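What follows is one structure encoded as structure tokens, with my remarks underneath.
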Amino acid sequence: MKASGIRAELCTGERLPKLIRNAEKQKIPLMAVVGPKEVETGSVTVRSRFGGELGTMDVGDFITKIKDAIDSRTFV
């Protein structure tokens with residue numbers, strides 16, 4: 001994502017619910033969860049602060065959606 005010009009931060013070392021709760025407190029608009037299952041399939045599970053769980057999508061599709069949202073200044 002950083003190579004695509006998208007601001008991203010990697011958070012590890014804590015339990016997933018705590019990471020999600022902390023991200024929501026910090027008002028982070030999108031969270032991409034990558035676990036062992038997502039690594040195998042080459043996908044990410046996306047969670048939005050505005051829309052909740054958005055489901056699983058391909059990494060390339062996710063990056064394209066983010067770039068489109070950045071260009072149009074809208075939310076995913």
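Because the structure is a prediction, the values reported are computed rather than measured. Side-chain atoms are counted along with the backbone in the values below, which use heavy atoms only and exclude waters and symmetry mates.
The line from NZ of Lys18 to NZ of Lys25 is 9.0 Å long, rounded to the nearest 0.5 Å. Rounding to the nearest 0.5 Å gives a distance of 14.0 Å between OG of Ser72 and NZ of Lys67. Put simply, CD on Glu24 and CZ on Arg21 are 9.5 Å apart, with the number rounded to the nearest 0.5 Å. Distance check, rounded to the nearest 0.5 Å: CZ of Arg73 to CG of Asp68 gives 14.5 Å.
The same ILVMFWY cluster, assembled from side-chain heavy atoms under 4.5 Å apart, contains both Phe62 and Val39. Both Met1 and Val44 are assigned to one and the same hydrophobic cluster, defined by single-linkage of ILVMFWY side chains at heavy-atom distances under 4.5 Å. In the hydrophobic clustering of this structure, Ile20 does not group with Val46; members are Ile, Leu, Val, Met, Phe, Trp, Tyr whose side-chain heavy atoms approach within less than 4.5 Å, directly or through other members. Ile70 is connected to Leu30 through a chain of hydrophobic side-chain contacts under 4.5 Å among Ile, Leu, Val, Met, Phe, Trp and Tyr, so both are in one cluster. Under a hydrophobic-cluster definition in which Ile, Leu, Val, Met, Phe, Trp and Tyr are linked whenever side-chain heavy atoms come within less than 4.5 Å, directly or via other members, Leu54 and Val59 are assigned to the same cluster.
Here the closest non-hydrogen pair linking Ala23 and Met31 is CB-SD, 3.3 Å. Between Ser43 and Thr41 the shortest heavy-atom distance is OG-OG1, 2.7 Å. Residues Cys11 and Leu19 come closest through the heavy atom pair CB-CD2, 3.8 Å.
Side-chain atoms of Ser4 never come within 3.5 Å of backbone atoms of Ile6 as a donor-acceptor pair (strictly under, hydrogens ignored).
For CD of Glu53, the number of neighbouring non-hydrogen atoms (other residues, nucleotides, ligands) closer than 6.0 Å is greater than 12.
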For side chain to side chain donor-acceptor pair (under 3.5 Å), just list the numbers for Thr45 and Glu38, CA-CA rounded to whole Å, side-chain angles, deciding distance to a tenth of an Å, and then say yes or no.
CA-CA 7 Å; Thr45 300; Glu38 287 85 5; 2.7 Å; yes

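At a threshold of 4.5 Å between non-hydrogen side-chain atoms, the residues Glu14 and Asn22 count as touching.
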